[in-house]
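See structure below.
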Amino acid sequence: MNKHRPLSPADYVPADLVQPRVRLATSGEAALLNSTTAAAAERMFAAAAAAGVVMTLASGYRSFNTQAATYNRYVQSEGQAAADTASARPGYSEHQTGWSFDIGDGSGRDSFTPAFANQPAAVWAKANAHLFGFVVRYPWMFHEITGYYYEPWHLRYVGVEAAGEMDSRGIATLEQYFGLEAAPAYL
């Protein structure tokens, strides 16, 4: 998914949403992931905890309606151009698939800001998430490809093989990995 590849149907709902057994910093639908992502997240969060790193699930699944409300809040406060670099339009959000989630560290420090990259949870995820099948979906300085500024908290499950290959080959974005055109703006 990206700004050129929306969900079809736009109001898609995963059939297998579950609440993973991880430390939560959210509730309701935002505490859900699809079952494959949830199982991988459980393994990753346990490994982080074993390494002494606190990691929380800060935002998981978002329905079409929730994403519409989130996006519209950005538009109202920042304008549409700014909103389009910070929040997906409804029907274009990876959160709506259940394959993506945002992490936190339980403290709220630097949450949802680029400075979160320096927090232990983000540092650990950047170094280790690929071992569990995750990538940092919107890496530093790749917004001209992904369409979003750096989000060190946003992880996307792609599977251990793909995430490991991206890591070993130094491939930063899914667009590059799959040979897709850059999607800096909506079509």
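All of these numbers come straight from a predicted model, not from anything done at the bench.
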Run the side-chain donor-acceptor check on residues 35-48: report pairs under 3.5 Å with partners two or more places apart or on a different chain.
| unit_1 | atom_1 | unit_2 | atom_2 | d |
| --- | --- | --- | --- | --- |
| Ser35 | OG | Asp16 | OD2 | 2.7 |
| Thr37 | OG1 | Asn34 | OD1 | 3.0 |
| Thr37 | OG1 | Asn34 | ND2 | 3.4 |
| Thr37 | OG1 | Gly98 | O | 3.4 |
| Glu42 | OE1 | Arg21 | NH2 | 3.2 |
| Glu42 | OE2 | Arg21 | N | 2.8 |
| Arg43 | NH1 | Ala39 | O | 3.4 |

* Asked: Under the side chain to side chain contact (heavy atoms under 4.5 Å, CB included) criterion, do Val13 and Phe64 qualify, and how do the steps go?
  -> CA-CA 8 Å; Val13 177; Phe64 179 91; over 6 Å; no

* Residues clustered with Leu180, ILVMFWY side-chain links under 4.5 angstrom -> Val135, Val158, Met166, Ile171, Leu174, Tyr177, Phe178

* **Distance (rounded to the nearest 0.5 Å) between Ser63 OG and His95 NE2** => 12.5 Å

All N/O donor-acceptor pairs, side-chain side in residues 138-147, below 3.5 Å, sequence neighbours left out:
| unit_1 | atom_1 | unit_2 | atom_2 | d |
| --- | --- | --- | --- | --- |
| Thr146 | OG1 | Phe142 | O | 3.4 |
| Thr146 | OG1 | Tyr148 | N | 3.2 |
| Thr146 | OG1 | Tyr148 | O | 3.1 |

* **Residue list, side chain to side chain donor-acceptor pair (under 3.5 Å) with Tyr149, at least two apart or on another chain** => none

* Minimum side-chain heavy-atom gap Pro20-Leu33 below 4.5 Å -> yes

* Point-to-point distance, once rounded to the nearest 0.5 Å, from OH of Tyr92 to OG1 of Thr97 -> 15.5 Å

* Structure fact -> Going by chain and number, the hydrophobic cluster around Val75 (ILVMFWY, side chain to side chain under 4.5 Å) further includes Tyr71

* Asked: Can a cation-pi geometry be assigned to Arg89 and Tyr186, taking NZ or CZ under 6.0 Å from the six-membered ring centre and within 45° of the ring axis?
  -> yes

* Can you run down the side chain to side chain donor-acceptor pair (under 3.5 Å) pairs that involve residues 115-126, sequence neighbours left out, and say none if there aren't any? => Asp110-Gln119

* To do: Using a strict cut-off of less than 4.0 Å between a Lys/Arg side-chain nitrogen and an Asp/Glu carboxylate oxygen, indicate whether Arg62 and Asp102 qualify as a salt bridge.
  => yes

* To do: Run the numbers on Glu151 and Arg137 for salt bridge (charged side-chain N to carboxylate O under 4.0 Å, His left out), then give the verdict.
  => CA-CA 8 Å; Glu151 292 190 2; Arg137 178 63 175 101; over 6 Å; no

* How long is the span from the OH atom in Tyr12 to the OG atom in Ser93, to the nearest 0.5 Å? -> 13.0 Å

* Closest heavy-atom contact between Phe134 and Phe101? -> CE2-CE2, 3.3 Å

* For side chain to side chain contact (heavy atoms under 4.5 Å, CB included), just list the numbers for Met55 and Asp105, CA-CA rounded to whole Å, side-chain angles, deciding distance to a tenth of an Å, and then say yes or no. => CA-CA 5 Å; Met55 189 177 291; Asp105 66 1; over 6 Å; no

* To do: Calculate, to the nearest 0.5 Å, the distance between atoms CG and CD belonging to Asn72 and Gln80 respectively.
  => 9.5 Å

